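These notes concern the structure reproduced below.
Since we're looking at a predicted model, the values are computed, not measured.
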Amino acid sequence: RRHTRRRMKLRSAAPVAVAVASACAILTLTLANRLLPAAEGGAAELFRIERGASLSAVSAQLERRGLVRSALATEWLGRFDGRAGTLRSGEYEVSADMTPREMLAHFAEGPMKTWSVAIPEGLRLEEIAARLEAAGLVSAEAFVVVARDPAFVASLGLPGESLEGYLFPETYRLPRDLPAREVARILTREFQKAWAPLEGAASERGLSLREVVILASIVEKETADPSERGRVASVFLNRLARKIPLATDPAVIYGIEDFDGNLKRKHLRDLQNPYNTYLHPGLPPGPISNPGAAALRAVVQPEETDYLFFVSRGDGRHVFSRTYAEHDAAVDRYQRRRRRP
């Protein structure tokens, strides 16, 4: 009788086992089907993951956009693969012909979508911040606040109260929505790369990093002609050595609040402007722009001259003079006569 009952239990269990196996097979096939690409030959789309978004939220967003067949299957896959908590906020290029596994791996390990921003030599901090904001990369206000934070500047190992002078001119490709501090780190990291091979030459001349950057920022604003940078730098170095005021207009302008583009005599007589290099001897308190590698190199490896003056010819180049009499004659020729009716 016991054997009979056992046979009856086995007979009754067999259909259940078959049903379970069938259900598992169907579930496996269904899941496999839902983890196939949502479409063939889908065009690339920009997909954004917000900061702090969960795997569940990302999966649901993918399904709403038609990029995956099933949010639930995608989430299950992500948890099975250990992707929960590894997805990075940012923008990515994905398409519906990618599998959910490929997408999740892309969000965790792949490159983010980046955007280009060109920062030319000689821009001020605020001008760089405006360019970064125009490119959609970071708030200009947030960037300026970070760049003027003395504690943050010190944390980067840079001298001074702000990052003016250390925001290296370059064409950058950056993802959107990086924290302002990270964007600042990227720009100053490029500066430090450019400075490293020049540090020895600066030390031989008895110039600190800060002094080189201040002088280079002036050189950058004084001439747009690459061939003149070393000569312009030599003028300022010669004047400093002889304790002659630098007398550079761009520095004066930097210290004028809301400058309207018209440099007046009263500006040159303003003793309250700490950047007035006509009245205050030596270097101004800080850089007046963000110089590139060529301007930095011009200061530590200048032309060897005895020039003390230069004046614009009006064509982007300058006339250099050794004495005030030579300089006055050049000013008369290229500046005063041009102004006369």
Side-chain angles (χ1 to χ4, degrees), residues 121-122 159-160 164-166 195 198-256 263-314 316-336:
E121 292 87 346
E164 187 80 274
Y166 308 116
W195 167 250
L198 303 175
E199 190 170 5
S203 180
E204 288 178 9
R205 287 193 167 270
L207 295 171
S208 68
L209 182 156
R210 183 73 170 168
E211 290 169 331
V212 171
V213 172
I214 292 173
L215 276 173
S217 75
I218 295 172
V219 170
E220 199 72 82
K221 298 298 283 186
E222 282 285 11
T223 181
D225 186 342
S227 69
E228 288 190 343
R229 287 194 182 105
R231 210 167 311 143
V232 169
S234 77
V235 169
F236 291 126
L237 288 166
N238 289 341
R239 292 177 78 92
L240 286 171
R242 291 165 175 77
K243 301 189 184 308
I244 301 172
L246 296 184
T248 170
D249 290 354
V252 179
I253 291 168
Y254 185 87
I256 300 172
L263 187 63
K264 301 174 183 176
R265 193 176 297 276
K266 70 174 183 178
H267 294 137
L268 302 180
R269 294 173 176 170
D270 182 8
L271 192 60
Q272 301 306 309
N273 180 354
Y275 287 85
N276 188 339
T277 51
Y278 285 87
L279 301 180
H280 298 291
L283 294 171
I288 65 169
S289 73
N290 290 273
L296 293 167
R297 192 177 307 111
V299 172
V300 301
Q301 298 172 341
E303 290 186 23
E304 297 299 331
T305 78
D306 53 2
Y307 291 131
L308 291 173
F309 307 91
F310 61 88
V311 64
S312 173
R313 302 194 320 183
R317 293 176 62 80
H318 296 82
V319 174
F320 294 81
S321 304
R322 294 172 177 82
T323 68
Y324 183 77
E326 290 176 0
H327 176 63
D328 193 51
V331 170
D332 190 59
R333 177 179 179 185
Y334 291 101
Q335 298 292 326
R336 296 193 188 106

Seminar exercise, completed: So the salt bridge (Lys or Arg N to Asp or Glu O under 4.0 Å) pairs with at least one residue in residues 316-326 (sequence neighbours excluded) are Asp225-Arg317, Asp306-Arg322
Exercise. Distance from Leu279 atom CG to Gln272 atom CD, nearest 0.5 Å?
Worked result: 10.5 Å
Exercise. Under a 4.5 Å cut-off applied to non-hydrogen side-chain atoms, are Phe309 and Val331 in contact?
Worked result: no
Donor-acceptor pairs are to be reported for all side-chain atoms of residues 200-207 against protein atoms at under 3.5 Å, with residues two or more places apart or in another chain.
residue, atom, partner, partner atom, Å
Arg205, NE, Val300, O, 3.1
Arg205, NH2, Glu304, OE2, 2.6

For this session: State whether the side chain of Asn276 and the backbone N or O of Leu268 hold a donor-acceptor pair below 3.5 Å, judged by distance alone.
Result: yes
Exercise. Can you name the salt bridge (Lys or Arg N to Asp or Glu O under 4.0 Å) partners of Glu220, sequence neighbours left out?
Worked result: Arg229
For this session: To the nearest 0.5 angstrom, please state how far the CG atom of Asp328 sits from the CZ atom of Arg333.
Result: 14.0 Å
Anything under 3.5 Å between a donor and an acceptor, one on a side chain of residues 284-296, the other on a protein residue two or more places apart or in another chain? List them.
residue, atom, partner, partner atom, Å
Ser289, OG, Ser217, O, 3.0
Asn290, OD1, Gly165, N, 2.7
Asn290, OD1, Tyr166, N, 3.2
Asn290, OD1, Leu167, N, 3.0
Asn290, ND2, Leu123, O, 2.9
Asn290, ND2, Glu164, OE1, 2.7

For this session: Hey, could you give me each pair passing salt bridge (Lys or Arg N to Asp or Glu O under 4.0 Å) that has a residue in residues 230-239? Not counting sequence neighbours.
Result: Arg231-Glu303
Problem set entry | Thr305 versus Ser234, closest heavy-atom pair with distance | OG1-OG, 2.7 Å
Exercise. If you round to the nearest 0.5 Å, how far is CG of Leu308 from CD1 of Ile244?
Worked result: 5.0 Å
Exercise. Just wondering, do Phe320 and Val232 contact through their side chains at under 4.5 Å, heavy atoms?
Worked result: yes
Problem set entry | Nearest atoms (heavy-atom pairs only) where Pro302 meets Leu237 | CG-CD1, 3.6 Å
For this session: Please examine the side chains of Leu215 and Leu240, heavy atoms only from C-beta on, and report whether any two atoms are closer than 4.5 Å.
Result: yes
Problem set entry | Validation row: Glu222, Phe310 side chains within 4.5 angstrom (heavy atoms) | yes
For this session: Measure the OH-OG1 distance between Tyr275 and Thr248 for me, rounded to the nearest 0.5 Å.
Result: 13.0 Å
Problem set entry | Donor-acceptor contact present, side-chain Asn273 to main-chain His267, <3.5 Å | no
Exercise. Can you find a heavy atom in the side chain of Leu198 that is under 4.5 Å from one in the side chain of Arg297?
Worked result: yes
Exercise. Of all residues at least two apart in sequence or in a different chain, which pass the side-chain hydrogen bond (donor to acceptor under 3.5 Å, both in side chains) check with Tyr278?
Worked result: Asp249
For this session: Quick one: do Val311 and His327 satisfy side-chain contact (heavy atoms from CB on, under 4.5 Å)? Show the steps, please.
Result: CA-CA 7 Å; Val311 64; His327 176 63; 4.0 Å; yes
For this session: Check whether any side-chain heavy atom of Leu283 sits under 4.5 Å from a side-chain heavy atom of Glu211, and report yes or no.
Result: yes
For this session: Verify, without hydrogens or angle tests, whether His280 (side chain) and Leu271 (backbone) share a donor-acceptor contact under 3.5 angstrom.
Result: yes
Exercise. Quick one: does Ser321's side chain have a donor or acceptor within less than 3.5 Å of a partner on Thr323's backbone?
Worked result: no
